[in-house]
Chemist: 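Below are the structure tokens for one structure; questions will follow.
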Amino acid sequence: MLVNSSIHELLDAQQSIEAFRKNEPIIYKKVMHMIYLTRQLQFGYQYMGCLLMDENPDKFQPVLQDEYILSVYQQEIEKLKQDKMVHDLKQLLSSYKQISYYVMCQLMLGTNPKLLVGPTVVR
């Protein structure tokens, strides 16, 4: 999937993420843990976003030899989705869906928006 982001979209998303972090620190911390887990397992952020948003993740599902790891990961996503404040997270992700879950995760990780400008291939 090819995504093209402008600096204005990215700066706006960064401000929204910062506001979310300040207003919802508990759910923000939980989503950051999922981002770190996703990175550690070398899964795609787009896959994580699809699972969180109840979208079809088949296009982004990682190829694993051990299905147990994938099932544990999916259970962790489900735990996050059970949080009563997940609605605010979903609203944030939905607002910036056009720039991709991958780019949103990169912004949450502190990547400079200037490095994310332009076309990005999301897997």
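These figures come from a predicted structure and were not determined experimentally.
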Chemist: Yes or no on side chain to side chain contact (heavy atoms under 4.5 Å, CB included) for Lys30 and Val86, after CA distance, side-chain angles and deciding distance?
Modeler: CA-CA 10 Å; Lys30 289 179 181 181; Val86 78; over 6 Å; no
Chemist: Could you grab the distance from atom CE of Met48 to atom CG of Leu80, nearest 0.5 Å is fine?
Modeler: 8.0 Å
Chemist: With rounding to the nearest 0.5 Å, note down the distance linking CD in Glu24 to NZ in Lys29.
Modeler: 15.0 Å
Chemist: Report yes if some heavy atom in the side chain of Tyr96 is under 4.5 Å from a heavy atom in the side chain of Asp12; otherwise report no.
Modeler: yes
Chemist: Within a 6.0 Å radius of atom CD1 on Ile26, are there more than 12 heavy atoms belonging to other residues, nucleotides or ligands?
Modeler: no
Chemist: So does Tyr68 get a backbone contact from the side chain of Ser71, meaning a donor-acceptor N/O pair under 3.5 Å?
Modeler: yes
Chemist: Measure the CD1-CE distance between Ile17 and Met104 for me, rounded to the nearest 0.5 Å.
Modeler: 3.5 Å
Chemist: Kindly state each residue pair satisfying salt bridge (Lys or Arg N to Asp or Glu O under 4.0 Å) with at least one member in residues 97-119, sequence neighbours excluded.
Modeler: Glu55-Lys97
Chemist: Measure from the side-chain N and O atoms of Glu9 to the backbone N and O of Ser6, and report whether any donor-acceptor pair falls under 3.5 Å.
Modeler: yes
Chemist: Between Ile27 and Phe20, is any pair of side-chain heavy atoms under 4.5 Å apart?
Modeler: yes
Chemist: Kindly compute the distance separating OH (Tyr45) from OH (Tyr102), expressed to the nearest 0.5 Å.
Modeler: 7.5 Å
Chemist: Quick one: CG on Leu116 to CD on Gln14, what's the gap to the nearest 0.5 Å?
Modeler: 9.5 Å
Chemist: Met53 and Leu93: which non-hydrogen atoms are nearest, and at how many Å?
Modeler: SD-CB, 3.9 Å
Chemist: Who passes salt bridge (Lys or Arg N to Asp or Glu O under 4.0 Å) against Glu76, sequence neighbours left out?
Modeler: Lys79
Chemist: Applying salt bridge (Lys or Arg N to Asp or Glu O under 4.0 Å), can you list everything that pairs with Lys90, at least two apart in sequence or on another chain?
Modeler: Asp54
Chemist: CD1 of Ile69 to CG of Asp66: how many Å apart, nearest 0.5 Å?
Modeler: 5.0 Å
Chemist: Are the side chain of Gln46 and the backbone N or O of Tyr101 linked by a donor-acceptor pair below 3.5 Å?
Modeler: yes
Chemist: Go through Gln75 and Glu78 one step at a time and tell me if the side chain to side chain contact (heavy atoms under 4.5 Å, CB included) criterion holds.
Modeler: CA-CA 5 Å; Gln75 289 172 11; Glu78 287 302 316; 5.5 Å; no
Chemist: Are Val117 and Ser5 packed together at the side-chain level, in the sense that at least one heavy-atom pair is separated by less than 4.5 angstrom?
Modeler: no
Chemist: Grab the two heavy atoms, one from Leu107 and one from Thr111, that are nearest each other, plus how far apart they are.
Modeler: CD2-O, 3.8 Å
Chemist: Among all residues two or more places apart in sequence or in another chain, which pass the side-chain contact (heavy atoms from CB on, under 4.5 Å) test with Asp58?
Modeler: Asn56, Gln61
Chemist: Pairs of donor and acceptor atoms involving the side chains of residues 33-43, under 3.5 Å and at least two apart or interchain, shall be tabulated with distances.
Modeler:
{"from": "Thr38", "atom 1": "OG1", "to": "Met34", "atom 2": "O", "distance (Å)": "2.7"}
{"from": "Thr38", "atom 1": "OG1", "to": "Tyr73", "atom 2": "OH", "distance (Å)": "2.6"}

Chemist: Counting only N and O atoms by type, is there a donor-acceptor contact under 3.5 Å from the side chain of Asn23 to the main-chain atoms of Ala19?
Modeler: yes
Chemist: State which residues pass salt bridge (Lys or Arg N to Asp or Glu O under 4.0 Å) with Asp88; sequence neighbours excluded, sorted by chain then number.
Modeler: none
